[in-house]
Novice: 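Can you keep this structure in mind? I'll have questions shortly.
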Number of protein chains: 2
Amino acid sequence: MESPQTPRTATRKMTKVFKALADGTRQEILQLLEEQPYAVGEIVAKFDLSQPTISRHLSVLKEADLVVDQRRGQNVIYRLNDMALAASMRQFFGRFRSCQEVLR
Amino acid sequence: MESPQTPRTATRKMTKVFKALADGTRQEILQLLEEQPYAVGEIVAKFDLSQPTISRHLSVLKEADLVVDQRRGQNVIYRLNDMALAASMRQFFGRFRSCQEVLR
DNA sequence: GCGACTCATAATCGCTAGGTCATGGGTTCA
DNA sequence: TGAACCCATGACCTAGCGATTATGAGTCGC
């Protein structure tokens with residue numbers, strides 16, 4: 001069940017989502033996960049950044065509910081949270097008349 | 001005519017847009033401008049922030065191409081740049097399969 | 001031109017964000 | 001149990017952000 005959202009908490013949540021999206025590396029991670037789920041180590045291998053840094057970025061994305069993690073043996077698999085991404089998108093842009101025509 | 005965009009410049013632009021959106025005050029300003037255009041002074045009157053602060057926020061939104069300004073006598077009128085907002089939205093979320101069904 | 005009004009910009013300050021290295025906790029396997 | 005592997009977290013540094021006050025640059029009316 002969805003708990004009711006006040007406009008305030010909705011705004012805070014959107015801010016968290018936008019902050020998560022407001023970084024080039026995190027955008028690239030999301031696009032990577034759009035292909036398929038990946039383990040942290042695999043993601044690290046695709047960037048020129050340290051493992052802790054990537055782990056931090058993943059944490060931010062998770063906090064924003066844009067990805068979901070799942071332990072699989074020694075590995076932790078991250079996958080895109082499609083539904084949450086689409087939902088955030090609807091929620092924010094739905095407030096703008098001019099964007100209504102782009103949403104269905 | 002649209003100038004061609006490399007993926008890199010597209011990502012940079014999206015980052016600028018998301019950074020602009022990643023602030024509660026700026027989100028509120030956008031929603032305010034969604035009603036109708038407003039002069040800077042009018043916007044300042046609706047927030048509990050100083051005039052320079054609001055001016056800064058407007059500058060950020062303008063840099064992200066989310067608003068447009070126009071001098072009108074002593075005043076400067078800001079209006080929402082609907083088309084650019086919708087375009088950014090399409091451009092980013094269009095990359096995600098799961099969002100395709102939300103875009104038309 | 002002068003004063004009043006409106007807004008943008010400069011200088012500054014405290015806090016957050018993104019990066020690093022070092023370390024700790026969970027899991028597997030012998 | 002202990003060693004090896006994978007990942008998260010802590011401590012730290014630098015850069016950027018959001019806020020302020022003070023000031024400068026356009027514009028209007030006299």
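Order of the sequence lines sets the chain letters (A, B, ...), proteins ahead of strands, with each chain counted from 1. If you're wondering where the values come from, they're calculated on a predicted model, not measured in any experiment.
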Novice: Report the distance from atom CZ of A/R56 to atom P of D/dA8, rounded to the nearest whole Å.
Specialist: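 Spelled out: CZ on A/R56 to P on D/dA8 is 10 Å.
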Novice: Side chains of B/L21 and A/F92, heavy atoms from C-beta outward: is any pair under 4.5 Å?
Specialist: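 Yes. Closest side-chain heavy atoms under 4.5 Å.
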Novice: Tell me the interatomic distance from B/F18, atom CZ, to C/dA17, atom P, rounded to whole angstroms.
Specialist: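 To the nearest whole Å, that distance equals 17 Å.
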Novice: Please check: side-chain N/O of B/D23 versus main-chain N/O of B/T25, any donor-acceptor pairing under 3.5 Å?
Specialist: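 Yes, because the side chain of B/D23 sits within donor-acceptor range (under 3.5 Å) of the backbone of B/T25.
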Novice: With no hydrogens and no angle check, is any side-chain donor or acceptor of A/Q31 less than 3.5 Å from a backbone partner on A/E28?
Specialist: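 No; judged by distance alone, with no hydrogens or angles, the pair does not exist.
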Novice: Measuring from the side chain of A/K19 (C-beta onward, heavy atoms only), which nucleotide among D/dT9, C/dA17, C/dC7 has the closest atom?
Specialist: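 Within the option list, the nearest is C/dA17.
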Novice: Has A/S50 got a side-chain N or O lying under 4.0 Å from the OP1 or OP2 atom of C/dT20?
Specialist: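 Yes, within the criterion.
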Novice: Answer yes or no: does a side-chain N or O of B/H57 lie under 4.0 Å from OP1 or OP2 of D/dA19?
Specialist: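 Checking D/dA19 against B/H57, a side-chain N or O does come within under 4.0 Å of OP1 or OP2.
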Novice: Please answer whether the main-chain N or O of B/A84 pairs with a side-chain N or O of B/S88 as donor and acceptor at a distance below 3.5 Å.
Specialist: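 Answer holds: yes.
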Novice: Would you kindly give the CG-to-P distance between A/L58 and D/dC6, to the nearest whole Å?
Specialist: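 The answer, rounded to whole Å, is 16 Å.
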Novice: In this structure, how many angstroms lie between the P atom of D/dC7 and the CD atom of A/E42, rounded?
Specialist: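 Spelled out: CD on A/E42 to P on D/dC7 is 8 Å.
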Novice: Check whether any side-chain heavy atom of B/R95 sits under 4.5 Å from a side-chain heavy atom of A/E34, and report yes or no.
Specialist: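 No; the side chains remain at least 4.5 Å from each other.
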Novice: Can you name the closest pair of heavy atoms from B/V44 and B/L49 and give their distance?
Specialist: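 Taking every non-hydrogen atom into account, CG1-O, 3.9 Å.
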Novice: So, B/R26 side chain and B/K19 main chain: donor-acceptor pair closer than 3.5 Å or not?
Specialist: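 Indeed, once roles are kept as given, a pair shorter than 3.5 Å links the two residues.
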Novice: Taking all atoms of both residues into account, what is the closest heavy-atom pair of A/A64 and A/V17, and its distance?
Specialist: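 Closest approach of A/A64 to A/V17: O-CG2, 3.9 Å.
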Novice: Please determine if a side-chain N or O atom of B/T53 lies less than 4.0 Å away from the OP1 or OP2 oxygen of D/dT20.
Specialist: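 Yes, within the criterion.
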Novice: Between B/Q51 and A/A39, which residue's closest nucleotide on DNA chain D lies nearer the 5′ terminus?
Specialist: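 The residue mapped nearer the 5' terminus is A/A39.
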Novice: What are the residues of residues 25-32 of chain B, sorted by number, that bring a heavy atom to within less than 4.0 Å of DNA chain C?
Specialist: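 Nucleic-acid contacts, sorted: none.
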Novice: Tell me whether A/R56 contacts the main-chain N or O of A/L58 through its side chain, where contact means a donor paired with an acceptor under 3.5 Å.
Specialist: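 No, the answer is negative, given that no donor and acceptor are paired below the 3.5 Å cut-off.
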Novice: Which of residues 63-81 of chain A have a heavy atom under 4.0 Å from DNA chain C?
Specialist: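 The stretch gives A/R71, A/G73, A/Q74 as the residues lying under 4.0 Å from the strand, ordered by number.
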Novice: To the nearest Å, how far apart are A/I54 CD1 and D/dC6 C1'?
Specialist: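 That distance rounds to 15 Å.
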Novice: For the pair made of CD1 in B/I43 and P in C/dC7, what is the distance, rounded to whole Å?
Specialist: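 Computing the B/I43:CD1 to C/dC7:P distance gives 9 Å.
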Novice: From C-beta outward on B/L49, which listed nucleotide comes closest to its side chain: D/dT20, C/dC21, D/dC7?
Specialist: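 So the nucleotide nearest the side chain must be D/dT20.
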Novice: Expressed in angstrom and rounded to an integer, what is the separation of B/D23 atom CG from C/dA17 atom C1'?
Specialist: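 The answer, rounded to whole Å, is 14 Å.
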